[in-house]
Amino acid sequence: MSDKIDNSSSHSNHLSGKKRKASDGNGSNGYKKRKISNEDEEESIITNTKDSIKMSGRYNYEEDDEDSNIKWKTLEHHGVRFPPFYTPHGIAPLHKGKPLILNPVQEEIATFWAQALGTDFTEKETVRNNFEEEFLAVLDKEMGVKSLNNIDFDPIVKHIEKTREERNNRPREEKKREREENAKLDAHFRYCIIDGEKERVNTVMVEPPGIFRGRGEHPHAGKLKSRILPENVTVNVGLDNMIPKCDVPGHAWKAVVNNPEATWLGQFKDEGREKAGTKYLFLAPDSKIKSKNDIMKYGKAKKLKENIEKIRADYMRRMVSKSMQEAQLGTATYLIDKLALRVGNEKSEDEADTVGCCSLRVEHITIEKDNKITLDFLGKDSMRFHQTIEVHPLAHKAIERFVKGKKPEEDLFHLINASRLNEYLKELMPQLSAKVFRTYNASITLQNELAKYEEKPRDDVEKKVKFYKNANREVAILCNHQKAVPKNFDEQLKRLEDKLKEKKKKLKELQTHKKNLAKDSSISKPKMPKTSNACDTAIKKAKKAMETEEYKVSEKIENKNIALSTSKINYMDPRISVTWCKNNEVPIEKVFEKTLRMKFAWAMSEDLEWKF
DNA sequence: GACGTGACTTAGGATCAGTCAG
DNA sequence: CTGACTGATCCTAAGTCACGTC
């Protein structure tokens, strides 16, 4: 196979596979399907229909107009990687004390379970029931297994532990070699050529089989994810580009399509799981396409900023409308704006019960006195939102009106939904949708917080970075970005606090020593400065060390369950950070790690005067 | 409108790799 | 040299939103 993509950015016309030939015929449902004459195999090439397909298979790119959906003209890549097939270990679990001999398919599934054992996950009733149902279904009837509880997976667990140990204990060299080999394989799939440019691909491997782990109380947690084979995978390739070779022997892609209206290189679906959606393999965040989308996203948020007064006035007006539906639109928009809530699309019974603004139920809200309300619900990823907030008196009144006479399980905003709300937002500003408020509010919060910084000449970079992180934290809190408290948080904190105590003690000692020295300059103590001047220097240093520790402790506490990274990656316009850093002489790498600097390369050279 | 779904962004946790103190 | 810690990267679930269909 050609390695052109791997090691050069030059155009490759020699990617593996066969060059596609001209097309014929029309197909169905959104794609145009064509057969290619070919000696030994049939390949169907599917081309996106919509408008362009009118032109019998070739796009006339010159005619692309502004609002065309075409995302690229040429796209060439090596397809997708598959995880290795399962190698049976032959260890039998015990069924009622007797070895249960499994075939490789059964054994693989038993091993998934054994791998998960020992965690809370496998103790959940839903998980056990789902897994039991699926596992028993693949066992042979004659085995007579009636319950998961009758199977002892311990032999497999032991085996897994042993192999893990062995793998860990391999010589350093061998591990390194394996890593390098893997990196090489990865590199083969890691890049594509899109519109003549070499770009990184974000994900190159399809998901391995295993046990589905939903978040929160997911009704399907514990079900099986089946092995994805090339027959489940569709690849998207430029019409005149090489078709990636399917290098799993004896297998072939489900389809090869030419869909320049989409940016994915590959997509796959676990046909065994009805409710599972299509998964995609996309480009990396530093790619042109992703960057362009990001720029547009922040552009929209900035536009919202310019119109925010007008928009707020509008939804406040609606909030008091006689029409209940209008009032709900206004109030929901108010909450989305004020609390940075997500819009809240409807969800099915087959998902965890989480909500956003439009799907809030009466049971999620408590009306308090003094214009306050308490919101308590599970949002995306089953993250809890629990806050008591003072709202505008009119909002308070409106909410009282919506709640009246409803049962706890009824919708707070029963006359609207996410798409109705977004429709309304479109009237206010073209392209406006609910999520733009989150981007806007995150960005404006960061900017306002950072603007509070008045440089004290003596502030060093460390202090400035601390200030930045505090601003970042405000945004994370606004967006309710949380993380699990680390398992041994208390120990870790204690260790830090001990260290701080030590530094404090050290400082005290130095200070007393200095006083003593002043009384009697002949005093000499081991490891202590000899002169008053030397004391001053040492004290200064010790103070600094103490402050650093102090900061570590407070950061640890303040970030206990707050995730700063999500807002950095997705919400705060990077130009705010870039310009603040430049204006305050903070090296950008102190606040943006390497991947962020790559993702936001487009923002790195922004003018000092730029404002969100 | 309700509903399904395609394509994309957003999300937290797991894992990996490098670092640092003991 | 080792084990704990940390930051970066990987993984994939879970949202949003537009669009087509009925």
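Letters A, B, ... mirror the listed sequences (proteins, then strands); counts begin at 1.
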Can you find a side-chain donor-acceptor pair between H220(A) and D350(A) that sits under 3.5 Å?
yes
Is E108(A) paired with R227(A) through a side-chain N to carboxylate O contact shorter than 4.0 Å?
yes
Side-chain contact, heavy-atom cut-off 4.5 Å: D353(A) with R361(A)?
yes
Does F282(A) reach a base, just sugar-phosphate, or nothing at all? Heavy atoms under 4.0 Å.
base
Where the side chain of T566(A) is defined as all heavy atoms beyond and including C-beta, which of dG12(B), dT10(B), dG6(B) is the nearest nucleotide?
dG12(B)
Quick one: on DNA chain C, does E593(A) or M205(A) contact a more 5' nucleotide (nearest heavy atom)?
E593(A)
Grab the CZ-P distance between R213(A) and dT12(C) for me, whole Å please.
12 Å
Check every strand shown and say whether T354(A) touches a base, only sugar-phosphate, or nothing at a heavy-atom separation below 4.0 Å.
sugar-phosphate
Check: K380(A) side chain, dT10(B) base, donor-acceptor under 3.5 Å:
yes
Nucleotide nearest K225(A) when distance is taken to its side chain, options dC8(B), dT16(C), dA13(C):
dA13(C)
Describe the nucleic acid contact of G379(A) in one word from base, sugar-phosphate, nothing, applying a heavy-atom distance below 4.0 Å.
sugar-phosphate
Side-chain ion pair, K225(A) and D270(A), N-O less than 4.0 Å:
no
Candidate nucleotides dA14(C), dG13(B), dT10(B), ranked by approach to the side chain of R215(A) - the nearest
dA14(C)
First of R200(A) and G216(A) reached from the 5' end of DNA chain C, by closest nucleotide
R200(A)
By nearest atom, which of the nucleotides dG13(B), dA13(C), dC17(C) is closest to the F212(A) side chain?
dA13(C)
Checking all strands, does Q482(A) fall into the base, sugar-phosphate, or nothing category for heavy-atom contacts under 4.0 angstrom?
sugar-phosphate
So which nucleotide from dC8(B), dA14(C), dA13(C) ends up closest to the side chain of E207(A)?
dA13(C)
Considering only heavy side-chain atoms of P208(A), the closest of dC17(C), dT12(C), dT16(C) is dT12(C)
